[in-house]
Amino acid sequence: MEGFSLKSRAIAFAICAGAVAFILALAAASEPAQITVETAGRALIASIVCGVMCWASAERTIASTAGAIDAAITRLATAANGDLQSEVPEEVRQCVPPLANAMDGLFRQLHANMESVQRLAMFDPVTGLANRTNFRRTAERLLAELPQGVVAVLYFIDLDRFKAVNDTLGHATGDVLLGMVANRLRAVADRFAAESDTRPPLIGRLAGDEFTMFFPDLRDPRESDRIGRGILFALSESFDLADQEVSIGASVGIAKRPEHGTTLHDLMRAADAAMYHAKAQGRGRVEHFTEMLAAEMADRAQLESDLRVGLEKDQFALVFQPQVAASDGRIVAAEALLRWRHPDGLKLPAAFMQRAEETGLIVEIGEWVVTNVAETISRWGRLGIEQRLAVNISPREIDHATFFRRLREAMLAARAPANLLELEISETLAMHCSEEVIDAIATLRADGASVAIDDFGTGYSNLARLRDLPVDRVKLDRSLIENVAVNSEARTIAQAVIGLIHGLGCEAVAEGIESDAQAAVLRVIGCDVLQGYAIAQPMAEEDFLAWARTIEPRRAVS
């Protein structure tokens with residue numbers, strides 16, 4: 001009987017009872033073969049009386065309850081469609097109080113659960129601010145509703161020294177600090193909204209220590225600077241955290257609508273670029289997005305696009321710069337250097353490596369280098385060449401032991417002799433690489449590869465740390481050798497550094513040699529290997545092999 005209410009079911013029950021009474025009365029009044037109109041009429045009267053009495057009884061005992069239950073069913077149906085706010089019908093409370101109380105409890109719990117889900121989905125649990133999704137949706141809606149010409153301002157806020165606090169005092173304390181930062185941002189927003197007689201701004205925490213503040217209608221655009229300074233001042237004051245005063249500061253970038261874009265995407269990019277410019281200028285600053293930054297962004301975007309095309313079209317190449325023994329001029333190694341054969345001309349790594357690391361394309365470039373280095377070493381091994389091939393390891397790669405494992409796998413796959421491979425790691429990076437990375441490097445070294453520390457003398461120069469690393473050679477930075485031919489103090493320093501390197505049981509390599517005089521002095525003060533334009537310029541593989549054949553019989557530098 002789906003689709004029937006309890007009242008309609010009671011009526012049906014009364015009718016059925018009357019029908020049964022009619023049949024029984026008819027059967028009792030006469031034999032089946034002698035039914036007359038008179039007996040049928042008597043039976044009908046009896047059935048009607050019985051049906052009416054049944055209906056009256058049902059009406060008295062269940063009609064009110066049935067109506068209340070029908071009302072409860074209707075209310076539950078509206079709740080299933082999302083209405084958790086309306087009251088439980090009064091007739092349910094009067095006739096079925098336990099049911100009304102159960103419905104109240106159910107709706108309260110569902111409403112609380114929905115609010116909890118909403119908070120988790122749309123608000124940052126640490127600060128209570130709008131999360132990235134909520135901020136983007138709300139800001140996009142506000143921008144879409146703004147009339148033409150109305151000025152909106154977006155602030156991109158990045159804490160300057162939050163990571164140090166997080167690492168020193170722990171993540172729990174870091175979360176407390178983020179909550180305090182959020183409270184100060186709310187105070188700044190409320191104050192300026194009240195002073196400017198404008199709607200309160202939207203504040204969000206995008207991720208980590210990045211916050212945003214969006215004023216959808218700033219009547220006086222000149223107020224943007226004052227608000228930025230207010231944010232900076234609020235976050236530059238120390239925080240009372242874990243029984244100590246903690247100072248972090250912030251860098252703030254500002255973008256305006258419509259000057260710097262009309263969409264949230266454009267404004268976020270502009271404010272983010274301005275914030276990074278503030279950090280580059282020394283942190284603790286407020287910077288506006290400018291045409292200069294716009295041009296830099298366009299250049300970076302174009303460079304990223306060109307890098308992707310370069311990878312797709314195999315525009316990269318390796319060139320090789322010889323390293324010779326200072327004692328007799330023998331070629332002992334060659335450093336593999338990356339070049340980009342860009343349509344506009346050959347580009348050196350300094351022109352594109354930073355952008356490659358920012359975009360993550362350094363991983364693909366690193367894969368290309370790994371494959372080509374392994375293939376080159378394999379070819380050299382088949383040709384009987386005994387000189388090492390040195391490869392620079394980028395900052396992005398030094399952070400991941402998987403890079404060195406991939407290099408080892410590529411060497412094994414190409415059947416390349418490991419003793420012809422040399423890894424060059426900058427001094428600063430070597431001081432910070434993890435134990436996992438050191439183990440991966442040690443595995444390559446156990447296969448026969450060698451390790452060189454590059455740019456020694458420009459970083460921490462931690463000799464104790466250097467002693468613990470699996471190192472074979474140390475390359476003096478060019479700043480240590482550029483004046484050795486003309487300055488006695490420079491010669492003394494270079495000689496002392498070479499002595500320290502020898503004391504660690506490593507060979508000393510001088511790079512960036514630009515004159516025969518520098519090479520002669522370095523040979524005298526004990527340098528083992530020489531490299532630079534005065535020895536030979538970087539060259540293609542075929543040219544390097546031809547040059548090596550001509551240089552072997554004589555001294556590289558007289």
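Proximity of Arg491 to Val484: side-chain heavy atoms (C-beta onward) are separated by under 4.5 Å at one or more points. Under the 4.5 Å side-chain criterion, counting only non-hydrogen atoms from C-beta, Asp528 is in contact with His502. Side-chain contact between Ile248 and Leu177: present, with at least one pair of heavy atoms (C-beta onward) separated by less than 4.5 Å. Between Glu511 and Asp454, some side-chain heavy-atom pair lies under the 4.5 Å cut-off. With contacts defined as side-chain heavy-atom distances shorter than 4.5 Å, the pair Val471/Leu504 does not qualify. A heavy-atom distance below 4.5 Å is found between the side chains of Leu338 and Trp368. When side chains are defined from C-beta on, Leu303 does not count as touching Thr359, because their heavy atoms never get closer than 4.5 Å. Between Asn392 and Leu337 there is a side-chain heavy-atom pair separated by less than 4.5 Å.
Residues Arg137 and Glu140 are not paired through a salt bridge, judged by the lack of any N-O separation under 4.0 Å between the basic side chain and the carboxylate. Salt bridge status for Asp160 with Lys279: present, with a side-chain N to carboxylate O gap under 4.0 Å. Between Glu422 and Lys475 there is no salt bridge, since no side-chain N of the basic residue sits under 4.0 Å from a carboxylate O of the acidic one. Between Arg308 and Glu304, at least one side-chain N (NZ, or NE/NH1/NH2) sits under 4.0 Å from a carboxylate O, which counts as a salt bridge.
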Give the intermediate values and the outcome of salt bridge (Lys or Arg N to Asp or Glu O under 4.0 Å) for residues Glu409 and Arg406.
CA-CA 5 Å; Glu409 290 168 1; Arg406 289 198 307 270; over 6 Å; no
Stepwise, does the side-chain contact (heavy atoms from CB on, under 4.5 Å) test hold for Leu307 with Trp340?
CA-CA 9 Å; Leu307 280 170; Trp340 181 12; 3.6 Å; yes
Assess the residue pair Gln531 and Glu335 against the criterion (side chain to side chain donor-acceptor pair (under 3.5 Å)); give the C-alpha distance rounded to whole Å, side-chain angles, the decisive distance to 0.1 Å, and a yes or no.
CA-CA 9 Å; Gln531 177 185 350; Glu335 181 177 358; 2.6 Å; yes
Could you walk me through whether His171 and Asn166 pass the side-chain contact (heavy atoms from CB on, under 4.5 Å) check?
CA-CA 5 Å; His171 290 281; Asn166 218 24; 3.1 Å; yes
Take Leu143 and Phe214 through the test side-chain contact (heavy atoms from CB on, under 4.5 Å) and record every step on the way to the result.
CA-CA 10 Å; Leu143 283 168; Phe214 178 62; 3.6 Å; yes
Would Arg445 and Asp472 satisfy side-chain contact (heavy atoms from CB on, under 4.5 Å), going step by step from the backbone distance to the final call?
CA-CA 10 Å; Arg445 194 164 180 257; Asp472 301 280; 2.9 Å; yes
Stepwise side chain to side chain donor-acceptor pair (under 3.5 Å) check, Glu386 with Asn419:
CA-CA 9 Å; Glu386 298 179 354; Asn419 63 297; over 6 Å; no
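Here the CD1-OH distance, from Ile203 to Tyr155, works out to 12.0 Å after rounding to the nearest 0.5 Å. The distance from the CD atom of Gln244 to the CZ atom of Phe239 is 13.5 Å, given to the nearest 0.5 Å. Distance check, rounded to the nearest 0.5 Å: CD1 of Ile425 to CD1 of Ile453 gives 5.5 Å. Atom CG of Leu500 is separated from atom CD of Gln495 by 11.5 Å, given to the nearest 0.5 angstrom. Atom CG of residue Leu159 and atom CZ of residue Arg161 lie 10.0 Å apart, to the nearest 0.5 angstrom. Atom CD of Glu287 is separated from atom CD of Gln281 by 6.0 Å, given to the nearest 0.5 angstrom.
Donor-acceptor pairing under 3.5 Å is recorded for the side chains of Arg379 and Thr376. Using a 3.5 Å distance cut-off with no hydrogens or angles, the side chains of Thr262 and Asp266 do not pair a donor with an acceptor.
Phe289 and His260 have perpendicular rings, their planes meeting at more than 60° on a 0 to 90° scale where under 30° would count as parallel.
Distance alone, capped at 3.5 Å, is enough to place a donor-acceptor pair between the Gln518 side chain and the Glu514 backbone. Distance alone, capped at 3.5 Å, places no donor-acceptor pair between the Arg408 side chain and the Leu444 backbone. Ser378 places no side-chain N or O within 3.5 Å of a backbone atom of Ala374 that could act as its donor or acceptor partner. Using modelled atom types, one side-chain atom of Gln321 and one backbone atom of Ala536 make a donor-acceptor pair closer than 3.5 Å. One N or O on the side chain of Asn487 and one on the backbone of Glu489 form a donor-acceptor pair closer than 3.5 Å. One N or O on the side chain of Arg523 and one on the backbone of Ala326 form a donor-acceptor pair closer than 3.5 Å.
The residue from His342, Met353, Gln315 that alone fulfils the side-chain contact (heavy atoms from CB on, under 4.5 Å) condition with Lys347 is His342. Each of Leu178, Asp124, Leu206 was evaluated against Phe211; a single residue qualifies, Leu178, per the side-chain contact (heavy atoms from CB on, under 4.5 Å) test. The side-chain contact (heavy atoms from CB on, under 4.5 Å) test with Ile157 is passed by exactly one of Val181, Leu235, Thr212, Leu232: Leu235.
In terms of heavy-atom proximity, Phe316 sits nearest to Gly310 at CE1-C, 3.8 Å. Scanning all heavy atoms of the two residues, the minimum distance from Asn131 to Phe123 falls at ND2-N, 3.6 Å. For the residue pair Gln323 and Ala390, the shortest heavy atom distance occurs at NE2-CB, 4.5 Å. Closest approach of Ala485 to Ala517, counting heavy atoms only: CB-CB, 3.9 Å. Smallest separation of non-hydrogen atoms from Thr127 and Arg186: O-NH2, 2.6 Å. Contact detail for Arg339 and Pro538: the closest heavy-atom pair is NH2-CG, 3.9 Å.
The local environment of CD in Gln354 is sparse, with at most 12 non-hydrogen atoms from other residues, nucleotides or ligands closer than 6.0 Å. Heavy atoms from other residues, nucleotides or ligands lying under 6.0 Å from OH of Tyr276 number 12 at most. At most 12 non-hydrogen atoms from other residues, nucleotides or ligands lie less than 6.0 angstrom from CD of Glu291. Counted within 6.0 Å of CD on Glu245, heavy atoms from surrounding residues, nucleotides or ligands total more than 12; the atom is thus considered enclosed.
Separation of the Phe320 and Trp547 ring centroids does not fall under the 6.0 Å cut-off.
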